[in-house]
Amino acid sequence: MPATTPDLPYRGPTAGRPGGLPLPPGRMPLLRGGRMLKRWRYVGAYGPELMVCVASVQIGPARQAFWAVWDREAEELHERTLMRSGPVRLAPGKVSVRDRGVEIELAFDEGPAIEVVSAHGSQYAWTRKQAPVRLRGTVDLGGTLHLIDQPGIVDDSAGYHARHTAWQWSAGVGIGADGSSLAWNLVAGLHDAPAGSERTVWVDGVPHEVGPAEFAADLSSVTVGGGERLAFAQEAMRARRDNRLVVVSDYAQPFGTFAGELPEGIRVAEGYGVMERHDVRW
């Protein structure tokens, strides 16, 4: 079934996904329609003391992994990107890092998720977002042990994205002015159809799709739907540029705090998370 049929975009549970497309957890070929398979799992835990992210990435046969810890109290960013996955392990419900004196051990319950399948040119891409996910465990920064018990997001993505793909993204968690627990996943450039997108705000764990998102060029804010605006205060920056002939990538993902408003008049009293800009030829 071509990815450009009216069956896409699809947003909903696993059981209702369009047939005829190889999708996780099934096998996906490394090449389809002349495009390489790209897939990744990103786990982020965001809070007032530490913000942590760990990811494993596959582009065709190549592998990459990265981890980062933003220690807000010490104002220190610890991070590393690796062209192999050995020190970084992501398994169902688990994250483990052992790398240059840093040890990260986190566990979480895999649970209900938002799945989206979108056409991407002549092919397609898939994503699965879980939020808010409670991550518990430890982060050891060279002998300084931190206990983690805070919310975050799990992002699984796979597909045959266009040779040139660019997007802006925000993931965060927080507390509303009314005391509600909040999480959000906002994007422009990928899985961003007017309806059937991955754009989601969770209020007390209940997901709601929201309207199109527009990001400031400097990632200082994101405006959603009917004009609601989240302001972002950057605290630490992860950034990387790669030129590996087949893959040319320009990536930035700052950690920081959020304030402002989400759709339905939800005021964000306290918010933590990331913004992201990625422009890649792969």
- If you count the non-hydrogen atoms of other residues, nucleotides and ligands that lie under 6.0 Å from CZ in Arg238, is the total more than 12? yes

- Task: Measure the shortest side-chain to side-chain distance between Val203 and Val201 over non-hydrogen atoms and say whether it is less than 4.5 angstrom.
- Result: yes

- Can you list the residues that meet the salt bridge (Lys or Arg N to Asp or Glu O under 4.0 Å) rule with Glu105, with sequence neighbours excluded? Arg98

- Quick one: do the Asp140 and Thr138 side chains pair a donor with an acceptor below 3.5 Å? no

- Query: To the nearest 0.5 Å, how far apart are OH in Tyr160 and CE in Met36?
  - Reply: 11.5 Å

- Under the side chain to side chain contact (heavy atoms under 4.5 Å, CB included) rule, what do Trp169 and Gln253 come out as? Steps first, then yes or no, please. CA-CA 9 Å; Trp169 179 66; Gln253 188 188 80; 3.8 Å; yes

- Quick check: does any side chain N or O of Gln130 sit under 3.5 Å from a backbone N or O of Pro132, one acting as donor and the other as acceptor? no

- Message: Determine whether Trp40 and Asp155 satisfy the following criterion, side chain to side chain contact (heavy atoms under 4.5 Å, CB included), listing intermediate values before the conclusion.
- Response: CA-CA 8 Å; Trp40 59 89; Asp155 174 354; 3.9 Å; yes

Donor-acceptor pairs are to be reported for all side-chain atoms of residues 16-23 against protein atoms at under 3.5 Å, with residues two or more places apart or in another chain.
from  : atom 1 : to     : atom 2 : distance (Å)
Arg17 : NH1    : Pro24  : O      : 2.7
Arg17 : NH1    : Glu115 : OE1    : 3.0
Arg17 : NH2    : Pro24  : O      : 2.9

- CG/Leu262 to CZ/Arg229 distance, rounded to the nearest 0.5 angstrom? 12.5 Å

- Query: Got a donor-acceptor contact below 3.5 angstrom from the Arg277 side chain to the Ala166 backbone?
  - Reply: no

- Report yes or no: does Ser118 contribute a side-chain atom to a donor-acceptor pair with the main-chain N or O of Tyr10 at less than 3.5 Å? no

- Message: How close do Gly93 and Glu110 get, counting heavy atoms only, and between which atoms?
- Response: N-OE2, 3.0 Å

- Cluster check Val116, Trp126: I/L/V/M/F/W/Y, side chain < 4.5 angstrom: no

- side-chain contact (heavy atoms from CB on, under 4.5 Å) with Trp67: which of Asp99, Val139, Val95? Asp99

- Backbone of Leu50 reached by a side-chain donor or acceptor of Gln150 within 3.5 Å: yes

- Query: So if you build clusters from Ile, Leu, Val, Met, Phe, Trp, Tyr with side-chain heavy-atom gaps below 4.5 Å, do Trp202 and Leu186 land together?
  - Reply: no

Compile the donor-acceptor pairs under 3.5 Å between side chains in residues 213-221 and protein atoms, sequence neighbours left out, one pair per line.
from   : atom 1 : to     : atom 2 : distance (Å)
Asp218 : OD1    : Ser220 : N      : 3.1
Asp218 : OD1    : Ser220 : OG     : 2.7

- Task: State yes or no: do Tyr42 and Val54 share one hydrophobic cluster built from I, L, V, M, F, W and Y residues joined by side-chain heavy-atom distances below 4.5 Å, directly or via other members?
- Result: no

- Okay, side chain of Thr127, backbone of Asp156: is any donor-acceptor separation there less than 3.5 Å? yes

- Would you name the heavy atoms of Pro29 and Leu37 that are closest together and state the gap between them? O-CB, 3.6 Å

- Task: Look at atom CD of Gln234 and say whether more than 12 heavy atoms of other residues, nucleotides or ligands are closer to it than 6.0 Å.
- Result: yes

- Task: Taking the side chain as every heavy atom from C-beta outward, state whether Phe255 and Cys53 have any atom pair closer than 4.5 Å.
- Result: yes

- Spacing of CE belonging to Met28 relative to CZ belonging to Arg39, to within rounding of 0.5 Å: 6.5 Å

- Check Gly273 against Tyr46 and note the closest heavy-atom contact, atom names and distance. CA-CG, 3.7 Å

- Which pairs pass ring pair (Phe, Tyr, Trp, His ring centres under 6.0 Å) with one or both residues in residues 258-282, sequence neighbours excluded? His161-Trp282, Trp167-His278, Trp184-Phe258, Phe232-Phe258, Tyr251-His278

- Query: Does the side chain of Asp242 come within less than 4.5 Å of Gln64's, by heavy atoms?
  - Reply: yes

- Provide the closest heavy-atom pair for Ala131 versus Ile153 in the form atom of the first, atom of the second, distance. CB-CG1, 3.9 Å

- Message: Using only atom types and a distance under 3.5 Å, with no angle test, would you say the side chain of Arg32 pairs donor to acceptor with the backbone of Leu30?
- Response: no

- Glu235: salt bridge (Lys or Arg N to Asp or Glu O under 4.0 Å) partners, not counting sequence neighbours: Arg72

- Partners meeting salt bridge (Lys or Arg N to Asp or Glu O under 4.0 Å) with Arg89 (sequence neighbours left out): none

- Message: Testing the basics here: between Val88 and Ala55, what is the closest heavy-atom pair and its distance to 0.1 Å?
- Response: CG1-O, 4.0 Å

- Query: Side chains of Asp250 and Arg241: does their closest heavy-atom pair fall under 4.5 Å?
  - Reply: yes

- Is there a donor-acceptor pair closer than 3.5 Å between any side-chain N or O of Glu209 and the backbone N or O of Ser197? yes

- Query: Applying the 4.5 Å side-chain criterion to the ILVMFWY set and letting contacts propagate, would Ile104 and Leu82 be lumped into a single cluster?
  - Reply: yes

- Message: Using the rule that Ile, Leu, Val, Met, Phe, Trp and Tyr join whenever any side-chain heavy atoms are under 4.5 Å apart, tell me whether Met51 and Ile148 fall into a single cluster.
- Response: no

- Query: Between Arg134 (side chain) and Phe108 (backbone), is there a donor-acceptor pair under 3.5 Å?
  - Reply: no

- Message: Tell me whether Arg199 contacts the main-chain N or O of Asp192 through its side chain, where contact means a donor paired with an acceptor under 3.5 Å.
- Response: yes

- Message: Is there a side chain to side chain contact (heavy atoms under 4.5 Å, CB included) between Met83 and Arg244? Walk through the geometry before answering.
- Response: CA-CA 12 Å; Met83 297 302 136; Arg244 299 178 179 275; 3.7 Å; yes

- Task: Return the minimal non-hydrogen interatomic distance between Leu90 and Ser56, and the atom names on each side.
- Result: CD1-CB, 3.7 Å

- Query: Less than 4.5 Å apart, any side-chain heavy atom of Thr165 and any of His120?
  - Reply: yes

- Any chance you could measure His208, atom NE2, to Ile266, atom CD1, to the nearest 0.5 Å? 6.5 Å

- Of Lys129, Arg11, Arg128, the residue whose pairing with Glu198 passes salt bridge (charged side-chain N to carboxylate O under 4.0 Å, His left out): Lys129

- Note on the structure: In this structure, CD of Gln58 is separated from NZ of Lys38 (nearest 0.5 Å) by 11.0 Å

- Message: Counting C-beta onward and ignoring hydrogens, is there a side-chain heavy-atom pair between His164 and Asp279 closer than 4.5 Å?
- Response: yes

- Item | Minimum side-chain heavy-atom gap Leu77-Val69 below 4.5 Å | no

- Task: Could you tell me whether the side chain of Glu228 reaches within less than 4.5 Å of the side chain of Leu230, counting heavy atoms only?
- Result: no

- Message: Between Arg163 (side chain only) and Arg281 (backbone N and O only), is there a donor and an acceptor less than 3.5 Å apart?
- Response: yes

